[in-house]
*Asks:* 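Following this message is one structure expressed as structure tokens.
What you see below is based on every heavy atom in this structure, not just the backbone, and it leaves out hydrogens, waters and symmetry mates. Chain letters run A, B, ... following the sequence lines, proteins first, then strands; residues in each count from 1.
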Number of protein chains: 2
Amino acid sequence: MSTPPRVTIKDVAARAGVSKGAVSLAFNRKPGLSDATRDRIFAAARELGWAPNLTARSLSSQRVDVVGLAICRPARLLGLEPFYMEFVSGVESVLTERSCSLLLRLVRNVDEETAVQDAWWRGRQVSGSILVDFRADDPRAAAARRLGMPVVAVGHPSLTGGLTSVWTDDATAVTEAVRYLAALGHRRIARVGGAALLGHTAIRTAAVDEAARRLGLAGVRQVTTDFSGEDGARATRSLLSAPDGDRPTAILYDNDIMAVAGLSVAAEMGVRVPADVSLLAWDDSQLCRLTRPTLSAMSHDVHGFGAEVARTLFGVIAGEAVSHPVATPVLVPRGSTAPAT
Amino acid sequence: MSTPPRVTIKDVAARAGVSKGAVSLAFNRKPGLSDATRDRIFAAARELGWAPNLTARSLSSQRVDVVGLAICRPARLLGLEPFYMEFVSGVESVLTERSCSLLLRLVRNVDEETAVQDAWWRGRQVSGSILVDFRADDPRAAAARRLGMPVVAVGHPSLTGGLTSVWTDDATAVTEAVRYLAALGHRRIARVGGAALLGHTAIRTAAVDEAARRLGLAGVRQVTTDFSGEDGARATRSLLSAPDGDRPTAILYDNDIMAVAGLSVAAEMGVRVPADVSLLAWDDSQLCRLTRPTLSAMSHDVHGFGAEVARTLFGVIAGEAVSHPVATPVLVPRGSTAPAT
DNA sequence: GCGCCCTCCTAAACCGGTCCAGTCAATGAC
DNA sequence: GTCATTGACTGGACCGGTTTAGGAGGGCGC
């Protein structure tokens, strides 16, 4: 292992025959240098293979080009949710443009996340963070406010305690889903929801109830899960085991993976999709097009969502961001939904 | 937005009535302070809400508690591969123990990754990196060596150009898979491989050929894909479209998602699984237990793999790591494989 | 010839920690 | 009583950048 060269700005300055300050000016593209000097400095840097030490830069300029993201779900489930990787990739697409990096952390619970964010911010490791998966009475809003930490909350304003927020209008989307199923003639509609603690789960639950009330659907049943395929399968099995006149003829899922699991359960129980029961997924990853029948889904642009969240975080850091929703998921009908018989 | 307090070590020192150095000693748990003084310092820090500025610490101590990971696959595919999130979670489990963070970046190609690693290392943003998805003649080994950057390569030593490596023994695993299928009586075995450019794809391809030769299987066919479900479906469709006596009776896939897609294609074509064709997946995420029939798979502990890679990286940084394989994937038979008829 | 303004550049303070040489008092050995 | 040793702590250099006050030199107007 050869010892690293450790070239510093001083070496470059010496080589170019200028002061440290001049090198700094050149590399930050600030005025006050002649073109000739600038060129000499760049040439010297290139010859020495120098790149500025970002740690030193952060220390003196009081800013870091890093944003934080902590995700709080069991790894076992995370891997399966196409949502997060796509979301992260959207975030990154914006960060990259601004030569910013993403500090990622998987945590086990909100308290651990609060501790992580606290450490990141107070240790000046990040210039801001993205907060996801809000629940009712989430402690993170208060914590962020107390720290004066720039954050953008991914979630409906009713959950995010006044933080700058970006969200998808789940209530409207879920209402559209229910109306679509009702229009197909379904009266007994069920929903296999996500984690009960999560705010958006509650929002969807309330919206389904409200839509059912307006449409005069009496037989709506909703259950919650841990988002895993296994739990989705269990829930579906339970729903489809109801006595014949009581069994739902349409099931709405809170993510793709549970819908896929539901499809298998239906097959296992000899319930035909979509002839006997219609299934509707949420998120619409590629998975929905790989099953048989293909899965109808509430579809949204997760990558774009992540990108918008990142842009908003930069806005917050600059002190000029406002909360706003992104496009509402739209229904993409495929092979798993059909008129009720 | 209230202005941040900006408490520094000097304030804490003043409040505790000691020097900066003493505070530093206390917070780094180094000897040379009486318990009384230590307590006073901690009390002062707590009262002021101080936490050390990690940027400053990194600058003077010449170390950063951050490791880098760049992943190079289209986001569209990444989201679907349970592998990476699980791998990342394994990596993190070890990083967390050492209060280390993970800098994540999704890149489009090897050159971009090389540039990113270069910038990270020269900018002293990371203390080392994990390199994944090696291909033949991968430029990253040479780049890492040139920079003197501590890295651990995830991949077989034949691919990683002499870097410290951690790998799964794909050749042995794939051989076991082929032998298993052969033992079930399958003679026409096909494999739907991953990206042709990837080193481990080539290793598996060669191992399948070798196993087929030894077992005297003539009809082995192997194709490569981009790892996506769509491509897996296309490949499966093509394989199953062969004239009857030429159609494979068993198909081995390089990941889960393509096996799931294969299952649907078989159904779509009226080919029964496992009666007419056996399918065998790779990685064995939860997905394999959610299909119908359930998918037999080559299973491995991806979380543990990530953890071991992270431990090895710390070894490299400490200058004492050696290359080694992790446990070989083992066959988990489920409902998608059966004796050939 | 003088004052004034620009342009280009330098010197040095500064960011907030770490770390080492060195001070000072108390203790122990003889 | 003297000297070496140990433990507890301080002062200040240092990490590698950024930033600002200010200086040198040249051009211009009058």
*Asks:* Hey, which of these two, A:Lys20 or A:Leu25, hits DNA chain C nearer its 5' end, going by closest nucleotide?
*Replies:*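 With A:Lys20 and A:Leu25 compared, the 5'-side residue is A:Leu25.
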*Asks:* Could you work out, with side chain to side chain contact (heavy atoms under 4.5 Å, CB included) as the rule, every residue matching B:Asp118, not counting sequence neighbours?
*Replies:*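 Testing B:Asp118 for side chain to side chain contact (heavy atoms under 4.5 Å, CB included), a comparison that skips the adjacent residues, returns B:Arg122, B:Leu147.
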*Asks:* Under 3.5 Å, is there a donor-acceptor pair between the A:Ser323 and A:Thr164 side chains?
*Replies:*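 A:Thr164 and A:Ser323 do not have a side-chain donor-acceptor pair below 3.5 Å.
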*Asks:* Any luck finding a side-chain donor-acceptor pair between A:Asn28 and A:Arg57 under 3.5 Å?
*Replies:*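 There is such a pair between these side chains.
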*Asks:* To the nearest 10 degrees, what angle separates the axes at the start and end of the helix from C:dG1-D:dC30 to C:dC30-D:dG1, five pairs each?
*Replies:*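 Taking the rotation axis at each end, their angle is 50°.
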*Asks:* Rounded to the nearest angstrom, tell me the gap between atom CZ in A:Arg6 and atom P in D:dG17.
*Replies:*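 Rounded to the whole Å, the gap is 10 Å.
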*Asks:* Atom NZ of A:Lys10 to atom C1' of D:dC15: distance rounded to whole Å?
*Replies:*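 Whole-Å distance recorded here is 10 Å.
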*Asks:* List the residues meeting side chain to side chain donor-acceptor pair (under 3.5 Å) with A:Thr96, not counting sequence neighbours, and say none if there are none.
*Replies:*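 By the side chain to side chain donor-acceptor pair (under 3.5 Å) rule, A:Thr96 matches B:Arg105.
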*Asks:* How close or far is atom C1' of D:dG11 from atom CD1 of B:Ile9, stated in whole angstroms?
*Replies:*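 So the two atoms are 14 Å apart, to the nearest Å.
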*Asks:* Taking ring-ring contact (aromatic ring centres under 6.0 Å, His included) as the test, write out the residues that go with B:Phe83, two or more places apart.
*Replies:*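 Counting only residues at least two positions away or on another chain, B:Phe83 forms a ring-ring contact (aromatic ring centres under 6.0 Å, His included) with B:Phe87.
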*Asks:* Considering every strand and a 4.0 Å limit on heavy-atom distances, what is the contact class for A:Val23: base, sugar-phosphate, or nothing?
*Replies:*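 Since no nucleic acid heavy atom lies under 4.0 Å of A:Val23, the category is nothing.
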*Asks:* What's the CZ-P distance between B:Arg63 and D:dG16, to the nearest Å?
*Replies:*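 B:Arg63 atom CZ is separated from D:dG16 atom P by 16 Å.
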*Asks:* Tell me, please, which residues at least two apart from A:Trp120 pass ring-ring contact (aromatic ring centres under 6.0 Å, His included).
*Replies:*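 By the ring-ring contact (aromatic ring centres under 6.0 Å, His included) rule, A:Trp120 matches no residue at all.
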*Asks:* Given atom CG of A:Asp11 and atom C1' of D:dG16, what is their separation to the nearest angstrom?
*Replies:*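 About 11 Å, once rounded to whole Å.
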*Asks:* Give me each pair satisfying ring pair (Phe, Tyr, Trp, His ring centres under 6.0 Å) with a member in residues 32-62 of chain A, each pair once, sequence neighbours excluded.
*Replies:*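 Only A:Phe27-A:Phe42, A:Phe27-A:Trp50 qualify under ring pair (Phe, Tyr, Trp, His ring centres under 6.0 Å).
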*Asks:* What's B:Thr8 touching, base or sugar-phosphate or nothing? Going by heavy atoms closer than 4.0 Å.
*Replies:*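 Contact class for B:Thr8: sugar-phosphate only.
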*Asks:* Of all nucleotides in DNA chain C that come within under 4.0 Å of a heavy atom of chain A, which is furthest toward the 5' end and which toward the 3' end?
*Replies:*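 Answer, 5' to 3': C:dC8 to C:dG16.
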*Asks:* With respect to the phosphate group of D:dG17, does any side-chain polar atom (N or O) of A:Ser60 fall under 4.0 Å of OP1 or OP2?
*Replies:*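 A:Ser60 to D:dG17 OP1/OP2: no side-chain N or O under 4.0 Å.
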*Asks:* Scan residues 26-39 of chain A against DNA chain C and write down, sorted by residue number, each residue with any heavy atom closer than 4.0 Å; if none is found, say none.
*Replies:*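 When residues 26-39 of chain A is checked for heavy atoms under 4.0 Å from DNA chain C, the hits, listed by number, are A:Gly32, A:Leu33, A:Ser34, A:Thr37.
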*Asks:* Output all residues satisfying salt bridge (Lys or Arg N to Asp or Glu O under 4.0 Å) with A:Glu92, sequence neighbours left out; order by chain, then residue number.
*Replies:*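 Once residues adjacent in sequence are excluded, A:Glu92 has no partner under the salt bridge (Lys or Arg N to Asp or Glu O under 4.0 Å) criterion.
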*Asks:* Just the rounded figure in Å: distance from P of D:dT19 to CG of A:Leu59.
*Replies:*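 In whole Å, D:dT19 P and A:Leu59 CG are 12 Å from each other.
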*Asks:* Tell me every residue that passes salt bridge (Lys or Arg N to Asp or Glu O under 4.0 Å) with A:Arg135, counting only those two or more places apart in sequence or in another chain.
*Replies:*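 Counting only residues at least two positions away or on another chain, A:Arg135 forms no salt bridge (Lys or Arg N to Asp or Glu O under 4.0 Å).
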*Asks:* Which part of the nucleic acid, if any, lies within reach of B:Gly17 when heavy atoms closer than 4.0 Å are counted: base, sugar-phosphate only, or nothing?
*Replies:*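 Sugar-phosphate contact only.
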*Asks:* Pair up each side-chain donor or acceptor in residues 313-322 of chain B with any protein partner under 3.5 Å, not counting sequence neighbours, and list the distances.
*Replies:*
none

*Asks:* Applying side-chain hydrogen bond (donor to acceptor under 3.5 Å, both in side chains), which residue pairs with at least one partner in residues 60-72 of chain B are found, sequence neighbours left out?
*Replies:*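 Residue pairs passing side-chain hydrogen bond (donor to acceptor under 3.5 Å, both in side chains), neighbours aside: B:Arg63-B:Asp65.
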